[in-house]
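Read through the structure below, which is laid out as structure tokens, and then see the notes.
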Amino acid sequence: TCALPISTRDLLQAEKPQIAAVPQDGIDRCLRAPEVGCLLEGAIGAASNITREDYRDWALREIVRAQASAGETSQARETMKQLGDLRLVLVSMREAAAAMAEAGYPERARALTETIPDAWNRSRALLAVALADIDNVQSIDTLMSLLPQLEDRAGAIEIGAELLAELAERGDQARSEAVAAVTKSLLDGLQEGSQIALGTLAAAYARRSEEHTSELQSPCNLVCRLLL
């Protein structure tokens, strides 16, 4: 078992609060003058009527993403507490961090990634933050230090390759080479099936590079040159 960050314990160890339904007059007011806050409140209230737990958790995860996209960090955390499956709390933390980063809240997203206790979900969240705020060196450095710790080596290579392709597309050769060095080190000891999966991933990036008119300067060719 891993030690939970203090800021995460309330999400994973707290008793699940009862979801309160929104009064009809509140729903009517929101429909007359819709705002993000009341719409999300109405969505949470509607989730209280879902009796099947897995369906309710699915709805709550969508609400968390919407709250995160609106920059409502504390509200998103309160909604996460209502998830019935503790594994989905970790997934929801990752999804919320990604939503915050994509919506233009990189600092809040980075703060949330620091509280994700498992390395896999934290690395996926860090990738989303790095892609959304590609000029931030700290996010990339933290992600690169985390990848070698992942048990899923093929998954770690996929994360590294995705970041590498983005840096290559931007023409950032120095950081591309640094990320490529870490990604190449993860190739050691891969099973044959994983090597095939990596080839499939490379082909996907090759298709992505077709929009570039200069073959020699395309991200795909830069990625291939760095990995060879």
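Residue I50 is not grouped with residue L83 when hydrophobic side chains (ILVMFWY) are merged at heavy-atom distances under 4.5 angstrom, including chains of intermediate members. Connection of V129 to L90 is not established within any shared hydrophobic cluster, with ILVMFWY side chains joined at heavy-atom distances below 4.5 Å, either directly or through further cluster members. Linking Ile, Leu, Val, Met, Phe, Trp and Tyr whenever their side-chain heavy atoms come within less than 4.5 Å leaves L88 and W120 in two separate clusters. Note on V91: it does not cluster hydrophobically with L127, by side-chain heavy-atom contacts below 4.5 Å among ILVMFWY residues.
Checking side-chain atoms of R94 against main-chain N and O of N121 turns up no donor-acceptor pair under 3.5 Å. In this structure, the side chain of E78 does not engage the main chain of S74 through any donor-acceptor pair within 3.5 Å. With R61 contributing its side chain and S92 its backbone, the two residues share no donor-acceptor pair below 3.5 Å. Here the side chain of R108 pairs a donor or acceptor atom with the backbone of G71 at under 3.5 angstrom.
The CG atom of D172 sits 9.5 Å away from atom CD of E177, with the distance rounded to the nearest 0.5 Å. Once rounded to the nearest 0.5 Å, the distance linking CD of E169 with OG of S176 reads 10.5 Å. R124 contributes atom CZ, which lies 11.0 Å from atom CG of L126 (distance to the nearest 0.5 angstrom). Here CD of E158 is found 11.5 Å from OG1 of T183. Values are rounded to the nearest 0.5 Å. Distance check: L163 CG to M144 CE gives 5.0 Å after rounding to the nearest 0.5 Å. The CZ atom of R65 sits 11.5 Å away from atom CG of L60, with the distance rounded to the nearest 0.5 Å.
For the residue pair L147 and S123, the shortest heavy atom distance occurs at CD2-CB, 4.5 Å. Here the closest heavy-atom approach between residue R77 and residue L112 is recorded as NH1-CD1, 4.4 Å. Across all their heavy atoms, D133 and P106 have their closest contact at OD2-CB, 3.8 Å. Closest of all the heavy-atom pairs between M100 and A68 is CG-O, 3.5 Å. The two residues M80 and A96 come nearest to each other via the heavy atoms CE-CB, 3.7 Å. The shortest heavy-atom contact between A125 and A97 is CB-CB, 3.9 Å.
Annotation: side chain of M93 is in contact with side chain of T115 (closest heavy-atom distance under 4.5 Å). D135 has its side chain within reach of R175: a pair of non-hydrogen atoms, C-beta onward, lies under 4.5 Å apart. T142 places none of its side-chain heavy atoms less than 4.5 Å from the side chain of R110.
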Handout entry: Check against side chain to side chain contact (heavy atoms under 4.5 Å, CB included), L150 and I159
Key = CA-CA 11 Å; L150 297 182; I159 291 173; 4.3 Å; yes
Handout entry: Trace of the side chain to side chain contact (heavy atoms under 4.5 Å, CB included) decision for I140 with L167
Key = CA-CA 11 Å; I140 295 177; L167 290 170; 4.2 Å; yes
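When each of Q67, E72, E62 is paired with T79, the side chain to side chain donor-acceptor pair (under 3.5 Å) condition holds for Q67 and for no other.
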